[in-house]
2 protein chains.
Amino acid sequence: MEAKRATIKDVAEAAGVGVATVSRVLSGGSASPATRERVLAVAAQLDYRPSALGRNLRQRRTGGIGLLVPDLTDTFFGQLAEGVLACARSAGEPVVLGSTGDDPEQEAELVGMLLEQSVDRVIAVPSGGADTWGPAARAGMTVVFADRLPAERPGDAPSGPMPGSMSGSASGSTADLMLLDGVPPPPPSPPVLPTGVPAVLADDRAGIRTAVRYLRGLGHRRIAFLGGPGHDRRVAAFREAIGPAVDEDLVVFATGSRDSAYAAASGLFQSRPDLTAVLAGGNVLGEAAVLAARELDLRVPRDVSLVMYDDVPWAELCSPPLTVIAQPGRDIGYRACELVLRASGRRPRTVVLPTELIVRGSCGPLR
Amino acid sequence: MEAKRATIKDVAEAAGVGVATVSRVLSGGSASPATRERVLAVAAQLDYRPSALGRNLRQRRTGGIGLLVPDLTDTFFGQLAEGVLACARSAGEPVVLGSTGDDPEQEAELVGMLLEQSVDRVIAVPSGGADTWGPAARAGMTVVFADRLPAERPGDAPSGPMPGSMSGSASGSTADLMLLDGVPPPPPSPPVLPTGVPAVLADDRAGIRTAVRYLRGLGHRRIAFLGGPGHDRRVAAFREAIGPAVDEDLVVFATGSRDSAYAAASGLFQSRPDLTAVLAGGNVLGEAAVLAARELDLRVPRDVSLVMYDDVPWAELCSPPLTVIAQPGRDIGYRACELVLRASGRRPRTVVLPTELIVRGSCGPLR
DNA sequence: CGCCTCCATGGAAACGATTCCATCATGGTT
DNA sequence: AACCATGATGGAATCGTTTCCATGGAGGCG
């Protein structure tokens, strides 16, 4: 019953040829039309499928590409994953998935697992810093980052300050400074990005700037930022957009969990009842903000205006529908996959995809 | 620079022992304490990692487990995937992911890909029917279904009737009948489920029944069901709960896409303005229902009551917050993974996980 | 007519691991 | 003192594929 799979040897035997010939026929090598046809027929009849194991072992090449995301429950990463999957499918490459939970340790462990599987092309939304990704690259992995860049300093989790704590170093991390290209009042978009680091990112800077300007235009002055893990670049952009006089109490961080996000949002609203607008750095944060506001009887947008980074299907369902900074999650994944696949040539450049402010109903004029 | 990975041979050489000894030490075989220590030291120093390729080839065993879901953008499948990932990680097994888009053809293709990768344990939310999964099983795959069962009849997509069309055969599909165990007015929960089919399912029947009773209790009589691909069991449960006099026009199907869901919902509201309650078979359908209702100026719950199958984080964000039938997506994934991992012994039984009606604000009394 | 080239073809090595089996040393028993 | 059981150890086969290389035949050209 359990018919074990036919091997190339079986095919060769049945077709009366050598295994080498079968291999050549199947991988497009030269062969006489007669044998080619015969081999093909036999292979089809035996339902022969070459084993990726054998092939990969021989070629010392990997099967598949790895995909590491913080949390598939977050719609954005789901979109990103769908993009990667779509591209990988069209290339016929399997995708090995890992969820890091925004934990550098788990991430490192998963990288090890991929290494063991001989998966040497990886698309990652990084949680850890150089001490994870340095070794990975050194082990010969082709890594493309998506949505974020890893923290610069070894051992530095990119989320910066811990949950509930208010703000961090006054001028952003090393990575952020580098991102901003060292020009304090930099020219308008497109932003200058670190070269040599293959990555696909959304144009956070432009998105955030647009949102801040929009809020400013509505009269808001006390604008808060609600950040999560991996939002360093967004925070930096926020600081840049706000200008020199950033009210540090209005920059708050949460970890990846929904509870933490809610706590951060609620804490922010309670400690600073004078704020008039909030910019949430991701959809989980946005959700938390809506929830916290409702819990505290703050009406949106009457009492507080809200902009969420990330467009998700339910943003339209909220009442009022949420004004968002949309980023093309699916495209980010797709492009990252393209990059990692054709990384054979010279190293791929970083790609920046545009964001878009979608104005719905969660922002109103200052009153 | 590109230090290629150390092989077992390198370790053996460096430790001055044979490869067999290294293998034994590393996989817990017998060895003298002295050599064991030496080998371990050398292995650590060389940062040796056994190649899964070599191992799997030799053992003719698969690396990893496959996971096939319709769409990672759907939060529910994201939760399910997280569950699988959690369990797989703790077992040290890599997960190969595929997204089927609810398309039997893509699904079959992905199964082929997994076969090629020698991945012979699969967790699937099936889209195709027996003509996909029969061959898969025959090829020696251990398959555990999650959330759904495949259609019984070959070539029969489990979604039954096509989008927009109204209802199907008057008494559910063969699969559903089998599910109901052939007893037309069956005893209350727990439902009798098909044995021998390894699967992890939510107790749709109880969930739907509870929801229908709840709506009935509020006075609703014209209750509609909005179904999507793979919702056969839910439809069947709905029919059963409603009783013999099912208004077939109130049972509507959409395909997996959000557009289709919206179209179905909108069409339903417009063609049957007399309905007073809607039961959405999944979160995408629920989202569509909310959107369509708003578009048509139907207020929830004043004009129409709404229950959504699936609890998702944003259900609470809606206003009013959505009353839902919660199913443990993460647990379903986790259990399915457990099942597929310890499938070595006798065949695993089907597992049914409880659902829960979470009453929030989207249902009101008939007026 | 002979030689050289070219192409189709098959044998065999290699990839990196596990595992069977033979070998050898050791220590205990008769 | 001879023998046997036990345990550590290394060699070699094996898994399924690709690929190098040798072989042999056919055909073209000098």
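In what follows, chains are A, B, ... by sequence order, proteins preceding strands, each numbered from 1. Just so you know, these numbers come straight off a predicted model, no measurement behind them.
Ile8(B) comes within 4.0 angstrom of a nucleotide base, judged by non-hydrogen atoms across all strands. Gly18(B) comes within contact range of the sugar-phosphate backbone alone, with a heavy-atom separation under 4.0 Å but no base atom that close. In this structure, Ala31(A) reaches the sugar-phosphate backbone alone: every heavy-atom distance under 4.0 Å involves primed, P, OP1 or OP2 atoms, never a base. Counting any heavy atom pair closer than 4.0 Å across all strands shown, Arg36(A) reaches no nucleic acid atom. Base engagement by Ser23(B) is indicated by at least one non-hydrogen atom pair under 4.0 Å involving a base atom. Among the heavy atoms of the strands, none lies under 4.0 Å from Ser27(B).
Distance, Leu53(B) CG to dT17(D) P: 13 Å, rounded to whole Å. Taking atom CG on Leu57(A) and atom P on dT17(D), their separation rounds to 12 Å, with Å as the unit. Between Gln59(B) atom CD and dC20(C) atom P there is a gap of 11 Å when expressed in whole angstrom units. The distance between atom CG of Leu26(A) and atom P of dT9(C), rounded to the nearest whole Å, is 14 Å. The CG-C1' distance, from Asn56(B) to dC15(D), rounds to 11 Å in whole Å. Taking atom CZ of Arg38(A) as the reference point, atom P of dA8(C) lies 14 Å away to the nearest angstrom. We find that CZ of Arg60(B) is positioned 12 Å from P of dT19(C), with the value rounded to whole Å. Atom CG of Leu115(A) is separated from atom C1' of dG16(C) by 15 Å (rounded to the nearest Å).
In this structure, the side chain of Glu93(B) does not engage the main chain of Ile65(B) through any donor-acceptor pair within 3.5 Å. Side-chain atoms of Glu107(B) come within 3.5 Å of backbone N or O of Ser127(B) as a donor-acceptor pair. Arg5(B) contributes a side-chain N or O that, together with a main-chain N or O of Leu115(A), makes up a donor-acceptor pair within less than 3.5 Å.
The shortest distance between the side-chain N/O atoms of Ser30(A) and the OP1/OP2 oxygens of dC7(C) is not below 4.0 Å. Between Thr35(B) and dT9(D) there is a side-chain N or O to OP1 or OP2 distance below 4.0 Å.
Between Arg148(A) and Asp102(A) there is a salt bridge, since a side-chain N of the basic residue sits under 4.0 Å from a carboxylate O of the acidic one.
There is a side-chain donor-acceptor pair under 3.5 Å between Glu82(B) and Ser99(A).
With hydrogens and angles ignored, a donor-acceptor pair under 3.5 angstrom links the side chain of Arg58(B) to the base of dT14(D). Residue side chain Arg24(A) reaches the base of dG10(C) through a donor-acceptor N/O pair under 3.5 Å, judged by distance alone.
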